[in-house]
Amino acid sequence: MDLPSTSSQSTLQTIAVVGLGTMGTGIAEVLARAGREVVGIDVSESATRRATASLAAATARSVARGRLTEEEREGVLARLRTYTELDAAAGADLVIEVVPEDYELKHRIFTELDAIVRPDAILATGTNALSVTRLAAESLRPERVLGLHFFNPAPAMKLVEVVSSVLTAPPAVEAVTALARDLGKQPVSVGDRPGFVADGLLFGYLNQAAAMYESKYASREDIDAAMRLGCGLPMGPLALLDLIGVDTARTVLEAMYASSGDRLHAPAPILGHLAEAGLTGQKSGRGFYTYAEPGSSEIVRDAQTPLEGARLGEGRPVSSVGVAGSGTMASGIAQVFAQAGYAVVLAARSQEKAEAAKAAIGKSLGRAVSKGRLTEEAAAQTLARITPAGSLEAFAEVDLAVEAVAEDLAVKQELFATLDKICKPGAVLATTTSSLPVIACARATSRPQDVIGMHFFNPAPAMKLVEVVRTVLTSDDVHATVRAVCTKVRKHPVDCGDRAGFIVNALLFPYLNNAIKMVEQHYAGIDDIDAAMKLGGGYPMGPFELLDVVGLDVSLAIEKVLHKEFREPGLAPSPLLEHLVAAGCLGRKTGRGFREYARR
């Protein structure tokens with residue numbers, strides 16, 4: 001059998017799309033706009049009418065915005081013809097199946113297509129969870145079957161995963177890859193496993209977020225806010241599950257778990273409970289959140305919605321703040337407090353280091369002035385509020401002491417023991433740790449009720465999130481104090497308990513670790529994985545870009561802490577990460593990590 005080659009990519013001119021739901025309609029629009037003849041097929045006449053109406057509305061908007069002429073619009077509309085019978089696919093060069101995620105349904109369609117399409121036609125499935133290899137093996141011509149996974153909404157999303165089975169002929173892959181590029185998409189070549197790259201990484205993260213919520217570790221609003229503000233994601237995980245569909249997520253995770261055996265992929269029970277109750281997310285009007293109506297994205301108040309303006313109780317007065325440390329994080333936190341009007345004592349191991357840290361803050365404020373974010377007068381006033389000190393003795397009268405020293409438990413415990421002796425009674429003592437137990441710092445003092453976690457994110461002046469970490473001993477008024485302070489310094493506080501990783505790192509680093517495992521298993525390359533997560537998942541950085549920025553040694557340390565606390569085999573750090581760290585390849589700071597960087 002002859003299959004299209006790379007040079008004959010133009011032979012993929014007539015393309016049938018089977019299934020005209022949201023995804024199928026979007027793919028049909030992309031193809032018609034790119035000049036392809038599109039045969040839209042759905043058993044439901046109402047679905048075919050909706051697909052035609054959707055294309056008409058989308059192209060009308062393009063004309064109104066000056067992106068299409070009326071003549072071009074008429075051409076696009078003429079290229080979509082809709083039918084209710086599979087026989088309409090007889091003349092297609094490529095058939096893309098995007099019916100619901102049900103293997104028997106997809107298998108039946110592929111079996112019928114075997115008897116309808118030309119011998120040289122390519123058959124593509126849009127599945128993101130079912131086995132492409134199994135569909136191919138049960139086809140009459142397995143070498144022409146592959147996966148073509150678009151992302152929703154197809155007209156906007158740039159990523160297309162091209163999925164090969166061990167049976168797929170290379171010319172078929174080349175032809176659809178060339179087509180994807182011609183459509184203005186970025187194709188990523190992957191092998192056949194549930195979730196492929198983007199969903200394979202995304203759904204594990206979503207599952208852990210659902211389990212975190214189910215355990216009542218943090219509220220749905222705080223989990224979602226933490227991942228939006230701490231990682232720059234366009235949506236929080238629970239809101240995203242509602243958008244995708246809780247039932248769809250459960251199906252994908254079941255397939256992933258069956259393939260990997262990793263307990264982190266075993267669907268969180270709450271996904272099953274919601275799905276079985278019909279609470280599938282936006283499409284049903286209720287999932288993790290409640291919506292104005294089925295199909296709406298407008299979240300409305302329900303029994304779990306926090307009361308606006310609710311007070312946590314009276315906190316303690318805070319007018320002066322001590323910040324311990326001289327690094328980037330300490331300087332950034334000191335700047336945040338000073339800009340908010342607090343008198344700040346910045347203490348380092350020597351007066352010289354403290355002066356250098358204040359000078360660094362001056363440069364940071366200068367950059368803000370040059371970019372028009374701050375007036376020169378405000379910058380000068382901010383800097384004047386900061387008093388550098390070469391000893392923690394200067395914290396004697398502060399109302400809040402925040403440590404931002406090395407992420408070493410022994411070092412922090414020694415510092416807290418010192419603060420206990422120096423700070424006045426009633427002062428709040430806070431640690432910025434991102435991975436160590438706050439209670440271990442608290443127990444180094446005689447007043448553990450006054451100790452709390454305030455996990456700022458780097459760079460502190462820019463990042464809006466602060467994770468407020470209560471221990472089992474933290475008093476209510478200390479918690480209320482820190483929440484109020486966060487609001488005054490214009491940060492968004494989220495509450496969580498004292499366990500490894502808190503919210504952000506507990507969800508972020510298993511995702512990063514799984515990305516490394518994909519490379520380790522030769523499933524996909526770092527460039528393809530980074531592209532998949534930026535284009536398909538909306539991440540501001542790909543996992544390997546982020547790992548190199550954070551530092552591979554820092555990442556390994558956090559992953560070890562998570563593995564030690566939760567004892568999940570799937571959280572064990574990737575050996576590849578351990579090997580790179582052992583070799584001194586720590587990322588951008590050493591010039592080499594997962595990628596190499598030019599020396600400055």
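Please read these numbers as outputs of a predicted model, since none were measured by experiment.
Note on ring orientation: taking the six-membered ring where Trp is involved, the planes of Y291 and Y289 are perpendicular (angle over 60°, cut-offs 30° and 60°).
Under a 4.0 Å N-O distance rule, the pair E565/R499 does not qualify as a salt bridge. We find that R193 and D199 are not joined by a salt bridge, their nearest charged nitrogen and carboxylate oxygen being 4.0 Å or further apart. Under 4.0 Å is where a charged nitrogen must lie from a carboxylate oxygen, and between K589 and D553 at least one such pair does.
Looking at D420 and T445, their side chains never bring a donor and an acceptor atom within 3.5 Å of each other. A donor-acceptor contact closer than 3.5 angstrom links the side chains of E407 and T433. Side-chain contact annotation: R443 with T471, donor-acceptor N/O pair under 3.5 Å absent. N514 and Y205 share no donor-acceptor pair across their side chains, judged by distance under 3.5 Å alone.
At least one side-chain heavy atom of D527 sits less than 4.5 Å from a side-chain heavy atom of R595. At least one side-chain heavy atom of V451 sits under 4.5 Å from a side-chain heavy atom of V438.
Under the side-chain contact (heavy atoms from CB on, under 4.5 Å) test applied with T431, the options H455, K412, M454 reduce to a single match, K412. The salt bridge (charged side-chain N to carboxylate O under 4.0 Å, His left out) test with R483 singles out one residue from D476, D477, D495, and that residue is D495. Applying side-chain contact (heavy atoms from CB on, under 4.5 Å) to L508 and the options I503, I558, L546 leaves one that passes, L546.
The distance between the ring centers of Y539 and Y511 falls below 6.0 angstrom.
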Without placing hydrogens or testing angles, list every side-chain donor-acceptor pair under 3.5 Å for residues 322-339, not counting sequence neighbours.
residue, atom, partner, partner atom, Å
S331, OG, G327, O, 3.0
Q335, OE1, S364, OG, 2.8
Q335, NE2, Q339, OE1, 2.9
Q335, NE2, S364, OG, 3.4

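A distance of 7.5 Å separates CG of D242 from CD1 of I299, quoted to the nearest 0.5 Å.
For K488 and Y342, the positive end sits near the middle of the six-membered ring, less than 6.0 Å away and at most 45° from its axis.
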